[in-house]
Amino acid sequence: MMTVHESVRVRMAPSPTGLFNLGGARTALFNWLFAKKHGGKFIVRIEDTDIQRSKREYEENILESLQWLGLEWDEGPQYADERGSLNAQMNADTISVNQCSNQRKSAYRGDYGPYRQSERLDIYEEYLKKLLSEKKAYFCFCSKEQLDAEKQAMQAQGLASKYSGHCASLGEEEAEQKRKKGEKSVIRLRIPQAEVEFHDLIRGKIKFDASLMGDIVIARDLQSPLYGFAVVIDDALMKISHVLRGEEHISNTPGQILLQKALGFTEPHYAHLPLILGKDRKKLSKRYMDTSLFEYKKQGYVPEALVNFIAFLGWHPKDEKEIFTLDELVKEFDLKRVQKAGAVFNPEKLDWLNGQYIKRLTIEELIARLEPFLLEKNIAASEEFLKKIVEAERDRMKTLKDFFVLTDFFFKLPDYEANLLVWKQEPVSNIKTILEKAFGIIKNIGAENFERVQLFASLDDLVNEYGRGAVFWPLRVAVSGKSASPDPLVIMEILGKDETVRRIGIAKDKIESLIA
RNA sequence: GGCCCUAUCGUCUAGCGGUUAGGACAUCGGCUUUUCAAGCCGGUAACCGGGGUUCGACUCCCCGUGGGGCUACCA
C-alpha cells in the first residue's frame with residue numbers, strides 16, 4: 001500500500017452531457033475506493049461549463065447512478081427530493097444553499113461549494129482577470145478560419161499544429177479597442193518554452209515539450225471558462241489532493257500544470273486510469289457498447305456485480321479471489337495494482353458475476369430486487385408462490401430479467417408442439433400410456449399430500465417399468481411446455497394438484513392428436 | 001501528420017532475472033443426471049519482433065511493430 005500523508009481529497013468531475021456510463025462508474029469507483037482507503041473525502045463536482053450540451057436530467061442520472069452503485073459522496077450536489085432523507089442524517093451546518101442560475105434551489109453537502117461549475121462563474125472570472133492583468137494571459141482575436149489554415153499549413157510540414165501566437169504581442173489598448181468594437185475574442189494562456197514533467201502514480205514520469213503546445217485557450221470570455229481552466233481552479237480551491245481520472249486526460253495535464261504554476265497553485269498528485277475499451281479496442285463510445293449504467297440496471301444487473309466487475313477492469317487484487325464486496329475492495333485497493341494498458345470490456349464475465357451475486361442473495365432479498373421488475377410487468381403473485389418459483393429457478397438466472405423468461409410457464413402454460421412430449425426413441429404409443437397412467441396416479445394423490453416426495457414415490461412403479469427419462473420427460477413438457485425446466489415434480493408441487501392435473505390432461509390430448 | 005500512453009492465453013489478469021508461465025470468464029471434455037442450469041473434475045490456449053545488458057530474460061534498456069488516447073472557442 002502506498003503511504004499518503006496529507007489528507008486525501010479526491011473528486012469525480014463528470015460532465016452532464018450524457019447518461020452515466022461504465023467509464024464514469026469506473027472513475028468514480030476508483031476515486032471512491034482511494035478516498036475510503038486513505039480515510040479521505042470523495043467529492044462530486046459537476047462540470048457543466050459547456051452550457052450547450054449540459055442537461056440537468058443527465059446530472060440527476062449521474063447522481064442517481066452513483067447512489068445506486070453505493071458510491072455516496074462526502075461533498076457535492078444534493079437534491080431537494082433527497083433532502084428529507086439525507087438532510088436528517090447530516091449536520092445542518094454543512095449544507096449551504098445557493099440560488100442557482102436556472103432558478104432552481106440547489107443545496108450542497110460540503111464546505112467548498114458551489115459544486116457545480118455553472119454556479120462558480122464569478123470565481124473563474126476573478127482568476128481570469130488576474131491572469132490577464134499579470135499578462136500571463138491575453139485576448140486573441142484570430143478567426144476560426146485563420147486558425148484552421150495555420151493548422152493545415154503546419155501539419156503539411158510535418159510539424160505539431162499549434163497556435164502561432166499571432167495575438168500574443170497585441171498591445172493592451174489595441175486589444176481593448178477591438179473588444180469594445182465587439183470583435184469576437186477568446187482568452188489564451190501564455191505557454192512558456194519549457195519542458196513540463198509530472199509524476200503519474202500509475203505510469204511514472206511523463207514528459208511533455210511545452211513549446212509544441214502553443215498558447216492554449218482557457219476561456220471564451222470572462223464568463224465562459226473552458227474545461228481545462230475550470231478544473232485547475234476548482235481542484236485548487238477544493239483542495240483536491242489526488243486527481244484520478246481517465247487516460248484520455250494525460251495530454252491535457254501539462255497545460256493544467258502550467259496553469260497551476262501561473263496561478264501559484266500547488267500541484268495535485270496525478271494518476272491516469274487505463275481506458276475501458278470495447279471489443280473493437282476503442283474507447284467505449286455511444287455507438288459501441290457504451291450503455292448507460294441505468295440500462296444495465298434495467299437489464300437486471302445488480303449493482304454489486306457491476307461494482308465488482310468494474311473494479312476488475314484495470315485493477316487486480318493480490319490474491320486470486322474474484323468476488324468482492326465494496327468493503328472488501330476498500331481493504332484491497334491499491335493504485336500500485338492498477339493496470340497501465342486499456343482493458344477490453346467482456347460482457348460474458350459480467351453475466352457470470354451477476355449470476356454469482358444472484359445465487360448468493362437470500363430468497364427474500366432476491367424477491368425484493370425483483371419487485372420493481374414485477375411491478376413494471378404488472379405481475380401480481382403471492383409472496384409464498386414467488387418464493388417457491390424463485391427458489392426453483394435462481395440457479396438459472398444470470399440477470400434479474402431472466403426471471404421472466406424462466407418462470408413464465410408457472411403463470412401460464414405456453415403452447416407447445418405435441419412432438420415435444422416424445423422422449424428420445426420412445427414410441428409414441430408408450431408416451432401415451434405413460435401420460436395416461438401418470439394422469440391416473442397423480443389424480444389419486446390427495447391435494448394436501450401434493451409434494452415432491454409423495455409424487456416421486458407414487459410414480460415409482462411407472463419409472464421402473466419405462467425408465468426415468470421416458471416418464472419424466474413427457475411430464476416435464478406437460479407441466480412446463482418446455483424442454484428445459486426444473487425438476488417436473490418440483491413444478492407439480494408448486495403448481496398444485498388441480499393445475500398439474502389440468503396440464504397433464506392437455507398433454508394427453510396432444511399426444512392423442514399426434515397418433516390420430 | 002505531431003505529441004503522449006501502452007503491449008502475457010480469445011478476454012480480464014498473476015508474475016516484479018532462474019516458474020511445468022498461475023487464476024478467472026469464455027470454450028472443449030467428463031462426472032452428476034429426467035431436461036436445462038448450477039456444482040465438481042479435467043483439457044485446449046499467451047509472454048509482438050529485433051537488438052542489447054546478464055551466467056541466465058516474460059521480467060531491465062534501446063529500436064521497430066501493433067493497439068490506444070489527445071491534437072476543439074467539448075469535457
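Atom set for the values below is all heavy atoms of this structure, side chains included, hydrogens, waters and symmetry mates excluded. Here is the naming used below: chain letters follow the sequence lines, and residue numbers restart at 1 for every chain.
Phosphate proximity of rA37(B) to Arg396(A): absent, as no side-chain N or O sits under 4.0 Å from OP1 or OP2. Between rA38(B) and Lys398(A), a contact under 4.0 Å exists linking OP1 or OP2 to a side-chain N or O. Put simply, Trp473(A) has no side-chain N or O that comes within less than 4.0 Å of OP1 or OP2 on rU34(B). Remark: Lys151(A) is in phosphate contact with rA72(B), judged by side-chain N or O atoms under 4.0 Å from OP1 or OP2. Proximity of Thr49(A) to the phosphate of rA75(B): a side-chain N or O atom is located under 4.0 Å from OP1 or OP2. Dashed line: the shortest gap from a side-chain N or O of Arg476(A) to OP1 or OP2 of rU33(B) is not under 4.0 Å. Residue Gln152(A) has no polar side-chain atom (N or O) positioned under 4.0 Å from OP1 or OP2 of rG1(B). Within the 4.0 Å cut-off from OP1 or OP2 of rG39(B), at least one side-chain nitrogen or oxygen of Gln356(A) is found.
For the pair Arg179(A) and Phe139(A), the cation-pi test (distance below 6.0 Å, angle within 45°) is passed.
Under a 4.0 Å N-O distance rule, the pair Lys388(A)/Glu391(A) does not qualify as a salt bridge. Between Asp415(A) and Lys510(A) there is a salt bridge, with a side-chain nitrogen of the basic residue lying less than 4.0 Å from a carboxylate oxygen of the acidic one.
In a base pair of the Watson-Crick type (N1 to N3 plus N6-O4 or O6-N4) or a G-U wobble (N1-O2 and O6-N3), with each distance short of 3.5 Å, rC16(B) is matched with no nucleotide. Across all strands shown, rC40(B) forms a Watson-Crick or G-U wobble pair with rG30(B), both key distances being under 3.5 Å. Using the Watson-Crick or G-U wobble rule with both distances under 3.5 Å, rG66(B) pairs with rU6(B). If you check rA21(B) for Watson-Crick or wobble pairing at under 3.5 angstrom, you find it has no partner at all.
Side chain Arg203(A) to base rC5(B): no donor-acceptor pair is found below 3.5 Å.
Distance from the side chain of Ala341(A) is smallest for rU6(B) among the nucleotides rC25(B), rA14(B), rU6(B). Counting only heavy atoms from C-beta on, Asp395(A) has its side chain closest to rA37(B) among rC73(B), rA37(B), rU6(B).
Using bins of under 30°, 30° to 60° and over 60° for the plane-to-plane angle, the ring pair Tyr270(A)/Phe198(A) lands in the perpendicular bin.
Remark: the backbone N or O of Ser211(A) is paired with a side-chain donor or acceptor of Lys162(A) at under 3.5 angstrom.
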Produce the list of close N/O pairs, under 3.5 Å, pairing protein atoms with atoms of nucleotides 59-68 of chain B; give distances to one decimal.
| unit_1 | atom_1 | unit_2 | atom_2 | d |
| --- | --- | --- | --- | --- |
| rG68(B) | OP1 | Lys282(A) | NZ | 2.6 |

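Going from the P atom of rC9(B) to that of rC47(B) covers 7 Å, rounded to whole Å.
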